[in-house]
Number of protein chains: 2
Amino acid sequence: MPAADFQQEDTRTLVLGAALRLFTEQGYFNTSVHDVGRTAGVSIGSIYHHFGDKEGLARTLYAALTARMQHLIEDVVRMEGSSHDQARELVVRLFAWAEAEPWEMAFLLYARHREFLPDEAPICSSRPFVMMREMISRGIARGEIRQMDVMVASASLFGGPIRMITTRLDGILPHPLPGYLDEVWDCAWRAVAAPRTT
Amino acid sequence: MPAADFQQEDTRTLVLGAALRLFTEQGYFNTSVHDVGRTAGVSIGSIYHHFGDKEGLARTLYAALTARMQHLIEDVVRMEGSSHDQARELVVRLFAWAEAEPWEMAFLLYARHREFLPDEAPICSSRPFVMMREMISRGIARGEIRQMDVMVASASLFGGPIRMITTRLDGILPHPLPGYLDEVWDCAWRAVAAPRTT
DNA sequence: GTAATTAGAACGAACGTTCGTTCTAATTTA
DNA sequence: TAAATTAGAACGAACGTTCGTTCTAATTAC
(Lines give C-alpha, C1' and ligand atoms only; values in the text may rest on other atoms or scores of the structure.)
Protein backbone atom coordinates (compact mmCIF):
# COMPACT_ATOMS: atom_id res chain seq x y z
CA MET A 1 0.00 0.00 0.00
CA PRO A 2 1.55 3.31 -1.09
CA ALA A 3 2.23 6.03 1.40
CA ALA A 4 -0.39 8.25 -0.19
CA ASP A 5 -3.15 5.94 0.99
CA PHE A 6 -1.97 6.17 4.54
CA GLN A 7 -2.08 9.92 4.33
CA GLN A 8 -5.58 9.81 2.90
CA GLU A 9 -6.92 7.46 5.55
CA ASP A 10 -5.29 9.54 8.17
CA THR A 11 -6.97 12.76 7.09
CA ARG A 12 -10.40 11.14 6.91
CA THR A 13 -9.91 9.61 10.34
CA LEU A 14 -8.76 12.90 11.78
CA VAL A 15 -11.79 14.71 10.40
CA LEU A 16 -14.23 12.01 11.53
CA GLY A 17 -12.73 12.02 15.01
CA ALA A 18 -13.03 15.78 15.34
CA ALA A 19 -16.56 15.75 13.95
CA LEU A 20 -17.62 13.01 16.35
CA ARG A 21 -16.32 14.93 19.33
CA LEU A 22 -17.63 18.33 18.31
CA PHE A 23 -21.03 17.12 17.08
CA THR A 24 -21.52 15.17 20.29
CA GLU A 25 -20.16 17.82 22.64
CA GLN A 26 -21.86 20.91 21.26
CA GLY A 27 -24.31 19.58 18.69
CA TYR A 28 -24.31 19.42 14.90
CA PHE A 29 -25.73 22.89 14.37
CA ASN A 30 -23.42 24.53 16.87
CA THR A 31 -20.43 23.11 15.05
CA SER A 32 -19.26 24.85 11.89
CA VAL A 33 -17.29 23.09 9.21
CA HIS A 34 -14.53 25.55 10.04
CA ASP A 35 -14.55 24.23 13.63
CA VAL A 36 -14.14 20.68 12.43
CA GLY A 37 -11.30 21.68 10.13
CA ARG A 38 -9.48 23.63 12.81
CA THR A 39 -9.86 20.88 15.41
CA ALA A 40 -8.72 18.20 12.99
CA GLY A 41 -5.88 20.39 11.69
CA VAL A 42 -7.24 20.03 8.18
CA SER A 43 -8.43 22.59 5.66
CA ILE A 44 -12.02 23.19 4.72
CA GLY A 45 -11.26 22.22 1.15
CA SER A 46 -10.08 18.77 2.23
CA ILE A 47 -13.25 18.15 4.15
CA TYR A 48 -15.37 18.98 1.12
CA HIS A 49 -13.04 16.94 -1.06
CA HIS A 50 -13.53 13.85 1.10
CA PHE A 51 -17.12 14.16 2.27
CA GLY A 52 -18.93 16.31 -0.28
CA ASP A 53 -20.76 18.50 2.20
CA LYS A 54 -21.42 18.84 5.90
CA GLU A 55 -24.30 16.42 5.75
CA GLY A 56 -22.09 13.88 3.98
CA LEU A 57 -19.65 14.12 6.88
CA ALA A 58 -22.42 13.47 9.37
CA ARG A 59 -23.77 10.66 7.23
CA THR A 60 -20.37 8.95 7.07
CA LEU A 61 -20.05 9.20 10.83
CA TYR A 62 -23.54 7.86 11.41
CA ALA A 63 -23.05 4.96 9.00
CA ALA A 64 -19.74 3.98 10.60
CA LEU A 65 -21.14 3.95 14.12
CA THR A 66 -24.41 2.17 13.34
CA ALA A 67 -22.36 -0.43 11.46
CA ARG A 68 -20.19 -1.00 14.53
CA MET A 69 -23.30 -1.31 16.68
CA GLN A 70 -24.79 -3.79 14.27
CA HIS A 71 -21.63 -5.91 14.20
CA LEU A 72 -21.60 -5.90 17.98
CA ILE A 73 -25.11 -7.31 18.06
CA GLU A 74 -24.50 -9.76 15.25
CA ASP A 75 -21.49 -11.14 17.11
CA VAL A 76 -23.63 -11.68 20.17
CA VAL A 77 -26.48 -13.28 18.26
CA ARG A 78 -24.03 -15.61 16.54
CA MET A 79 -22.91 -16.92 19.93
CA GLU A 80 -24.23 -20.29 21.03
CA GLY A 81 -26.14 -20.28 24.25
CA SER A 82 -29.43 -19.30 25.81
CA SER A 83 -31.24 -16.04 25.13
CA HIS A 84 -30.38 -15.11 28.69
CA ASP A 85 -26.65 -15.47 28.04
CA GLN A 86 -26.87 -13.64 24.72
CA ALA A 87 -28.78 -10.71 26.14
CA ARG A 88 -26.45 -10.46 29.11
CA GLU A 89 -23.41 -10.52 26.86
CA LEU A 90 -24.95 -7.74 24.81
CA VAL A 91 -25.23 -5.58 27.91
CA VAL A 92 -21.65 -6.45 28.88
CA ARG A 93 -20.38 -5.26 25.52
CA LEU A 94 -22.52 -2.14 25.47
CA PHE A 95 -21.20 -1.18 28.92
CA ALA A 96 -17.63 -1.79 27.77
CA TRP A 97 -18.12 0.23 24.60
CA ALA A 98 -19.69 3.12 26.48
CA GLU A 99 -16.69 3.25 28.82
CA ALA A 100 -14.12 2.93 26.04
CA GLU A 101 -15.73 5.32 23.55
CA PRO A 102 -18.22 7.51 25.38
CA TRP A 103 -18.48 9.94 22.46
CA GLU A 104 -19.43 7.20 20.06
CA MET A 105 -22.08 5.89 22.39
CA ALA A 106 -23.37 9.39 23.09
CA PHE A 107 -23.59 10.12 19.39
CA LEU A 108 -25.64 6.98 18.86
CA LEU A 109 -27.91 7.32 21.88
CA TYR A 110 -28.35 11.08 22.09
CA ALA A 111 -28.01 12.76 18.73
CA ARG A 112 -31.32 13.56 17.09
CA HIS A 113 -30.16 12.27 13.75
CA ARG A 114 -33.37 13.11 11.95
CA GLU A 115 -32.65 16.76 12.52
CA PHE A 116 -29.53 16.78 10.36
CA LEU A 117 -30.01 13.57 8.33
CA PRO A 118 -33.59 14.09 7.17
CA ASP A 119 -33.99 10.82 5.28
CA GLU A 120 -32.71 8.50 7.99
CA ALA A 121 -35.16 6.10 9.56
CA PRO A 122 -35.80 6.60 13.29
CA ILE A 123 -33.08 4.76 15.16
CA CYS A 124 -35.55 2.59 17.05
CA SER A 125 -36.62 0.97 13.79
CA SER A 126 -33.01 0.43 12.66
CA ARG A 127 -31.50 -3.03 12.33
CA PRO A 128 -29.84 -3.11 15.75
CA PHE A 129 -33.08 -2.46 17.57
CA VAL A 130 -34.94 -4.92 15.38
CA MET A 131 -32.35 -7.57 16.19
CA MET A 132 -32.75 -6.92 19.90
CA ARG A 133 -36.46 -7.56 19.55
CA GLU A 134 -35.80 -10.76 17.61
CA MET A 135 -33.54 -11.87 20.44
CA ILE A 136 -36.47 -11.38 22.79
CA SER A 137 -38.85 -13.29 20.53
CA ARG A 138 -36.55 -16.30 20.54
CA GLY A 139 -36.34 -16.09 24.31
CA ILE A 140 -40.12 -16.20 24.56
CA ALA A 141 -40.34 -19.09 22.07
CA ARG A 142 -37.81 -21.07 24.13
CA GLY A 143 -39.72 -20.39 27.33
CA GLU A 144 -36.89 -18.45 28.93
CA ILE A 145 -38.87 -15.23 28.87
CA ARG A 146 -42.48 -14.96 29.95
CA GLN A 147 -45.20 -14.78 27.33
CA MET A 148 -45.77 -11.10 26.71
CA ASP A 149 -45.75 -8.32 24.17
CA VAL A 150 -42.34 -8.16 22.51
CA MET A 151 -42.17 -4.36 22.72
CA VAL A 152 -42.87 -4.50 26.43
CA ALA A 153 -40.32 -7.23 26.99
CA SER A 154 -37.68 -5.37 25.00
CA ALA A 155 -38.26 -2.12 26.86
CA SER A 156 -38.28 -3.93 30.19
CA LEU A 157 -35.13 -5.95 29.59
CA PHE A 158 -32.95 -3.30 27.95
CA GLY A 159 -34.54 -0.11 29.32
CA GLY A 160 -32.69 -0.30 32.62
CA PRO A 161 -29.24 -1.05 31.18
CA ILE A 162 -29.58 1.63 28.51
CA ARG A 163 -30.70 4.15 31.11
CA MET A 164 -27.62 3.28 33.15
CA ILE A 165 -25.48 4.06 30.11
CA THR A 166 -27.09 7.46 29.54
CA THR A 167 -26.76 8.25 33.22
CA ARG A 168 -23.08 7.43 33.01
CA LEU A 169 -22.63 9.52 29.86
CA ASP A 170 -24.26 12.44 31.67
CA GLY A 171 -21.53 12.17 34.27
CA ILE A 172 -23.71 11.58 37.32
CA LEU A 173 -22.73 7.94 37.89
CA PRO A 174 -19.74 7.78 40.22
CA HIS A 175 -18.27 4.46 39.10
CA PRO A 176 -17.59 2.85 35.70
CA LEU A 177 -20.48 0.86 34.26
CA PRO A 178 -19.02 -2.65 34.56
CA GLY A 179 -19.10 -2.27 38.34
CA TYR A 180 -22.88 -2.08 38.19
CA LEU A 181 -23.29 -4.95 35.76
CA ASP A 182 -24.37 -7.74 38.09
CA GLU A 183 -26.90 -5.64 39.96
CA VAL A 184 -28.30 -4.11 36.74
CA TRP A 185 -28.58 -7.43 34.99
CA ASP A 186 -30.17 -9.05 38.00
CA CYS A 187 -32.94 -6.44 37.91
CA ALA A 188 -33.33 -6.58 34.14
CA TRP A 189 -33.66 -10.33 34.01
CA ARG A 190 -36.08 -10.50 36.92
CA ALA A 191 -38.33 -8.20 34.94
CA VAL A 192 -38.90 -10.65 32.11
CA ALA A 193 -37.69 -14.08 33.23
CA ALA A 194 -40.12 -16.97 33.01
CA PRO A 195 -40.68 -18.81 36.31
CA ARG A 196 -38.14 -21.58 36.88
CA THR A 197 -39.52 -24.95 35.90
CA THR A 198 -36.45 -27.02 36.83
CA MET B 1 -58.01 40.82 34.48
CA PRO B 2 -58.05 43.50 31.75
CA ALA B 3 -58.71 42.58 28.16
CA ALA B 4 -55.20 43.63 27.22
CA ASP B 5 -53.85 40.82 29.35
CA PHE B 6 -56.09 38.32 27.64
CA GLN B 7 -54.75 39.50 24.31
CA GLN B 8 -51.22 39.26 25.64
CA GLU B 9 -51.70 35.86 27.17
CA ASP B 10 -53.32 34.66 24.02
CA THR B 11 -50.46 35.79 21.84
CA ARG B 12 -47.93 34.27 24.16
CA THR B 13 -49.82 30.99 24.22
CA LEU B 14 -50.09 30.93 20.45
CA VAL B 15 -46.38 31.54 20.07
CA LEU B 16 -45.43 28.98 22.69
CA GLY B 17 -47.67 26.38 21.09
CA ALA B 18 -46.19 26.95 17.66
CA ALA B 19 -42.66 26.91 19.04
CA LEU B 20 -43.30 23.68 20.93
CA ARG B 21 -44.58 21.96 17.83
CA LEU B 22 -41.92 23.25 15.46
CA PHE B 23 -38.98 22.82 17.83
CA THR B 24 -40.07 19.27 18.57
CA GLU B 25 -40.96 18.32 15.01
CA GLN B 26 -37.97 19.72 13.14
CA GLY B 27 -35.57 20.80 15.86
CA TYR B 28 -34.65 24.15 17.36
CA PHE B 29 -31.99 25.00 14.79
CA ASN B 30 -34.14 24.01 11.84
CA THR B 31 -36.87 26.37 13.03
CA SER B 32 -36.51 30.07 12.27
CA VAL B 33 -38.21 32.76 14.27
CA HIS B 34 -40.07 33.59 11.07
CA ASP B 35 -41.45 30.05 11.02
CA VAL B 36 -42.72 30.39 14.56
CA GLY B 37 -44.35 33.72 13.77
CA ARG B 38 -46.01 32.47 10.62
CA THR B 39 -47.28 29.30 12.27
CA ALA B 40 -48.61 31.18 15.27
CA GLY B 41 -50.12 33.90 13.06
CA VAL B 42 -48.13 36.51 14.97
CA SER B 43 -45.55 39.03 13.89
CA ILE B 44 -41.84 38.78 14.46
CA GLY B 45 -41.95 41.99 16.43
CA SER B 46 -44.44 40.46 18.84
CA ILE B 47 -42.25 37.50 19.50
CA TYR B 48 -39.27 39.70 20.31
CA HIS B 49 -41.48 41.94 22.38
CA HIS B 50 -42.69 39.04 24.51
CA PHE B 51 -39.64 36.80 24.73
CA GLY B 52 -36.63 39.00 24.09
CA ASP B 53 -34.86 36.64 21.74
CA LYS B 54 -35.11 33.15 20.32
CA GLU B 55 -33.32 31.66 23.28
CA GLY B 56 -35.74 33.41 25.63
CA LEU B 57 -38.60 31.74 23.80
CA ALA B 58 -36.99 28.34 24.19
CA ARG B 59 -36.21 29.07 27.83
CA THR B 60 -39.82 30.01 28.58
CA LEU B 61 -41.02 26.81 26.94
CA TYR B 62 -38.51 24.70 28.81
CA ALA B 63 -39.35 26.30 32.13
CA ALA B 64 -43.09 25.81 31.63
CA LEU B 65 -42.76 22.13 30.75
CA THR B 66 -40.28 21.21 33.47
CA ALA B 67 -42.55 22.98 35.95
CA ARG B 68 -45.51 20.86 34.82
CA MET B 69 -43.41 17.74 35.11
CA GLN B 70 -42.32 18.74 38.58
CA HIS B 71 -45.88 19.41 39.71
CA LEU B 72 -46.91 16.03 38.36
CA ILE B 73 -44.29 14.32 40.48
CA GLU B 74 -44.99 16.45 43.53
CA ASP B 75 -48.66 15.52 43.33
CA VAL B 76 -47.75 11.87 43.28
CA VAL B 77 -45.26 12.15 46.14
CA ARG B 78 -47.86 13.99 48.21
CA MET B 79 -50.22 11.01 47.90
CA GLU B 80 -50.54 8.71 50.85
CA GLY B 81 -49.65 5.11 50.20
CA SER B 82 -46.75 2.79 49.60
CA SER B 83 -43.80 3.55 47.38
CA HIS B 84 -45.14 0.92 45.06
CA ASP B 85 -48.44 2.75 44.65
CA GLN B 86 -46.74 6.11 44.26
CA ALA B 87 -44.33 4.90 41.60
CA ARG B 88 -47.10 3.13 39.72
CA GLU B 89 -49.27 6.24 39.80
CA LEU B 90 -46.34 8.21 38.43
CA VAL B 91 -46.13 5.87 35.45
CA VAL B 92 -49.90 6.08 34.98
CA ARG B 93 -49.73 9.86 34.77
CA LEU B 94 -46.69 9.91 32.53
CA PHE B 95 -48.41 7.54 30.12
CA ALA B 96 -51.53 9.70 30.14
CA TRP B 97 -49.54 12.88 29.59
CA ALA B 98 -47.59 11.35 26.71
CA GLU B 99 -50.85 10.36 25.00
CA ALA B 100 -52.54 13.71 25.62
CA GLU B 101 -49.60 15.96 24.77
CA PRO B 102 -47.05 13.98 22.80
CA TRP B 103 -45.20 17.13 21.71
CA GLU B 104 -44.70 18.25 25.28
CA MET B 105 -43.40 14.85 26.29
CA ALA B 106 -41.18 14.64 23.23
CA PHE B 107 -39.76 18.08 23.95
CA LEU B 108 -38.89 17.01 27.49
CA LEU B 109 -37.53 13.57 26.68
CA TYR B 110 -35.84 14.17 23.36
CA ALA B 111 -34.66 17.74 22.96
CA ARG B 112 -30.99 18.19 23.69
CA HIS B 113 -31.62 21.30 25.71
CA ARG B 114 -27.97 21.97 26.42
CA GLU B 115 -27.46 22.62 22.74
CA PHE B 116 -29.69 25.68 22.69
CA LEU B 117 -29.86 26.55 26.41
CA PRO B 118 -26.16 26.43 27.26
CA ASP B 119 -26.47 27.16 30.96
CA GLU B 120 -29.17 24.61 31.78
CA ALA B 121 -28.26 21.72 34.02
CA PRO B 122 -28.49 18.26 32.43
CA ILE B 123 -32.08 17.10 32.72
CA CYS B 124 -31.14 13.94 34.63
CA SER B 125 -29.91 16.07 37.52
CA SER B 126 -33.04 18.25 37.49
CA ARG B 127 -35.56 18.23 40.32
CA PRO B 128 -37.95 15.72 38.76
CA PHE B 129 -35.29 13.08 38.34
CA VAL B 130 -33.95 13.76 41.82
CA MET B 131 -37.43 13.31 43.25
CA MET B 132 -37.80 10.00 41.46
CA ARG B 133 -34.61 8.81 43.11
CA GLU B 134 -35.86 9.98 46.50
CA MET B 135 -39.02 7.98 45.93
CA ILE B 136 -36.83 4.93 45.40
CA SER B 137 -34.79 5.63 48.53
CA ARG B 138 -37.95 5.69 50.64
CA GLY B 139 -39.04 2.42 49.05
CA ILE B 140 -35.76 0.82 50.04
CA ALA B 141 -35.96 2.23 53.57
CA ARG B 142 -39.46 0.79 53.95
CA GLY B 143 -38.37 -2.60 52.70
CA GLU B 144 -40.60 -2.51 49.66
CA ILE B 145 -37.65 -2.35 47.31
CA ARG B 146 -34.60 -4.56 47.63
CA GLN B 147 -31.43 -3.15 49.10
CA MET B 148 -29.43 -1.86 46.16
CA ASP B 149 -27.77 1.12 44.56
CA VAL B 150 -30.35 3.89 44.13
CA MET B 151 -29.20 4.71 40.61
CA VAL B 152 -29.57 1.10 39.58
CA ALA B 153 -32.99 0.83 41.17
CA SER B 154 -34.16 4.04 39.52
CA ALA B 155 -32.95 2.98 36.09
CA SER B 156 -34.45 -0.48 36.53
CA LEU B 157 -37.84 0.70 37.75
CA PHE B 158 -38.40 3.61 35.38
CA GLY B 159 -36.19 2.61 32.45
CA GLY B 160 -38.77 0.28 30.95
CA PRO B 161 -41.76 2.62 31.24
CA ILE B 162 -39.80 5.57 29.87
CA ARG B 163 -38.56 3.48 26.98
CA MET B 164 -42.16 2.55 26.23
CA ILE B 165 -43.00 6.24 26.06
CA THR B 166 -40.19 7.02 23.63
CA THR B 167 -41.16 4.03 21.52
CA ARG B 168 -44.69 5.34 21.39
CA LEU B 169 -43.52 8.87 20.51
CA ASP B 170 -41.49 7.39 17.66
CA GLY B 171 -44.71 5.96 16.29
CA ILE B 172 -43.77 2.29 16.29
CA LEU B 173 -46.10 1.22 19.10
CA PRO B 174 -49.45 0.17 17.65
CA HIS B 175 -51.67 0.89 20.65
CA PRO B 176 -51.95 3.77 23.14
CA LEU B 177 -49.72 3.52 26.18
CA PRO B 178 -52.36 2.88 28.85
CA GLY B 179 -53.14 -0.44 27.18
CA TYR B 180 -49.64 -1.63 28.05
CA LEU B 181 -49.67 -0.31 31.58
CA ASP B 182 -50.33 -3.51 33.56
CA GLU B 183 -47.78 -5.56 31.66
CA VAL B 184 -45.15 -2.81 31.79
CA TRP B 185 -45.63 -2.16 35.46
CA ASP B 186 -45.57 -5.85 36.27
CA CYS B 187 -42.13 -6.11 34.67
CA ALA B 188 -40.86 -2.90 36.23
CA TRP B 189 -41.87 -3.84 39.74
CA ARG B 190 -40.54 -7.38 39.50
CA ALA B 191 -37.16 -5.82 38.70
CA VAL B 192 -36.81 -4.10 42.06
CA ALA B 193 -39.42 -5.54 44.42
CA ALA B 194 -38.23 -6.96 47.73
CA PRO B 195 -39.27 -10.57 48.33
CA ARG B 196 -42.71 -10.85 49.94
CA THR B 197 -42.45 -11.36 53.68
CA THR B 198 -46.17 -11.68 54.40
C1' DG C 1 -55.43 61.58 21.79
C1' DT C 2 -52.20 58.77 23.94
C1' DA C 3 -49.89 54.70 24.93
C1' DA C 4 -49.21 50.09 23.85
C1' DT C 5 -48.82 46.76 20.36
C1' DT C 6 -47.96 44.97 15.87
C1' DA C 7 -46.22 44.29 11.16
C1' DG C 8 -42.75 43.45 8.05
C1' DA C 9 -38.94 45.61 5.65
C1' DA C 10 -34.02 46.09 6.35
C1' DC C 11 -29.52 45.01 8.53
C1' DG C 12 -25.43 42.47 9.61
C1' DA C 13 -23.03 38.58 11.10
C1' DA C 14 -22.25 33.74 10.62
C1' DC C 15 -21.84 29.81 7.99
C1' DG C 16 -21.98 26.37 4.19
C1' DT C 17 -20.07 26.03 -0.10
C1' DT C 18 -17.25 26.99 -4.27
C1' DC C 19 -13.20 27.57 -6.89
C1' DG C 20 -8.63 28.65 -8.53
C1' DT C 21 -4.31 27.46 -6.91
C1' DT C 22 -0.43 24.81 -4.86
C1' DC C 23 1.65 20.65 -3.41
C1' DT C 24 3.06 15.82 -3.53
C1' DA C 25 4.18 11.66 -5.50
C1' DA C 26 3.79 8.44 -8.90
C1' DT C 27 4.23 7.59 -13.98
C1' DT C 28 5.80 8.45 -18.42
C1' DT C 29 9.01 10.19 -21.92
C1' DA C 30 13.46 10.86 -24.02
C1' DT D 1 18.84 9.39 -15.10
C1' DA D 2 16.54 13.69 -15.79
C1' DA D 3 12.67 16.17 -17.29
C1' DA D 4 7.83 16.34 -18.19
C1' DT D 5 3.23 14.96 -17.29
C1' DT D 6 -0.59 13.55 -14.66
C1' DA D 7 -3.79 12.73 -10.76
C1' DG D 8 -5.52 13.54 -6.67
C1' DA D 9 -5.14 15.78 -2.30
C1' DA D 10 -4.97 20.04 0.38
C1' DC D 11 -5.53 24.85 0.91
C1' DG D 12 -8.02 29.17 2.11
C1' DA D 13 -9.96 33.43 0.36
C1' DA D 14 -14.32 34.88 -1.47
C1' DC D 15 -19.26 34.42 -2.37
C1' DG D 16 -24.14 34.08 -1.57
C1' DT D 17 -27.63 32.77 1.49
C1' DT D 18 -29.88 32.27 5.73
C1' DC D 19 -31.51 33.83 9.92
C1' DG D 20 -31.53 36.32 14.32
C1' DT D 21 -32.32 40.83 15.40
C1' DT D 22 -33.56 45.80 15.04
C1' DC D 23 -36.24 49.64 13.63
C1' DT D 24 -39.97 52.55 12.21
C1' DA D 25 -44.37 53.47 10.59
C1' DA D 26 -49.09 51.97 11.09
C1' DT D 27 -52.72 50.21 13.94
C1' DT D 28 -55.27 49.19 17.85
C1' DA D 29 -57.49 49.94 22.38
C1' DC D 30 -59.55 52.78 25.66
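Labels below follow one simple rule: chain letters A, B, ... track the order of the sequence lines, proteins then strands, and each chain is numbered from 1.
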Any side-chain N or O of [X] less than 4.0 Å from the OP1 or OP2 oxygen of [N]?
X	N	result
B:T11	C:dT6	yes
B:S46	C:dT5	no
A:H49	D:dA10	no

Taking the basic N atoms (NZ, or NE/NH1/NH2) and the acidic carboxylate oxygens, is any pair closer than 4.0 Å for [X] and [Y]?
X	Y	answer
B:D85	B:R88	no
B:R68	B:E104	yes
A:D119	A:R59	yes
B:R146	A:D186	yes

So if I take every side-chain heavy atom of [X] and compare against [options], which nucleotide ends up nearest?
X	options	result
A:S32	D:dA10, C:dC15, C:dT6	C:dC15
B:S43	D:dC19, C:dT6, D:dC11	C:dT6
B:H50	C:dG16, C:dT6, D:dA10	C:dT6

**Study point:** Positive for ring-ring contact (aromatic ring centres under 6.0 Å, His included) with B:F23, one of B:Y28, B:F29, B:Y110, B:W103
**Key:**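 It is B:Y28, the one option of B:Y28, B:F29, B:Y110, B:W103 that forms the ring-ring contact (aromatic ring centres under 6.0 Å, His included) with B:F23.
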Check your understanding: What is the ring orientation for B:F116 with B:H113, classed by angle as parallel under 30°, tilted 30 to 60°, or perpendicular over 60°?
Key -> perpendicular
Rounded to whole angstroms, how far apart are [atom1] on [X] and [atom2] on [N]?
X	N	atom1	atom2	result
B:I44	C:dA7	CD1	P	10 Å
B:K54	C:dA14	NZ	C1'	14 Å
A:F29	C:dC15	CZ	P	13 Å
B:Y48	C:dA10	OH	C1'	14 Å
B:E55	D:dC19	CD	C1'	16 Å
A:H34	C:dA14	NE2	P	12 Å
B:F116	D:dC19	CZ	P	17 Å
B:I47	D:dG20	CD1	C1'	11 Å

Check your understanding: Paired with D:dC30: which nucleotide, if any, by Watson-Crick or G-U wobble criteria at under 3.5 Å for both distances?
Key -> C:dG1
Review point. Given that both distances must come in under 3.5 Å, which nucleotide forms a Watson-Crick or G-U wobble pair with C:dT22?
Key: D:dA9
Review point. What is the distance from atom CG of B:L94 to atom CE of B:M69, rounded to the nearest 0.5 Å?
Key: 5.5 Å
**Study point:** For DNA chain C, the residues among residues 16-28 of chain A that have a non-hydrogen atom under 4.0 Å from it
**Key:**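 The stretch gives none, as no residue of it lies under 4.0 Å from the strand.
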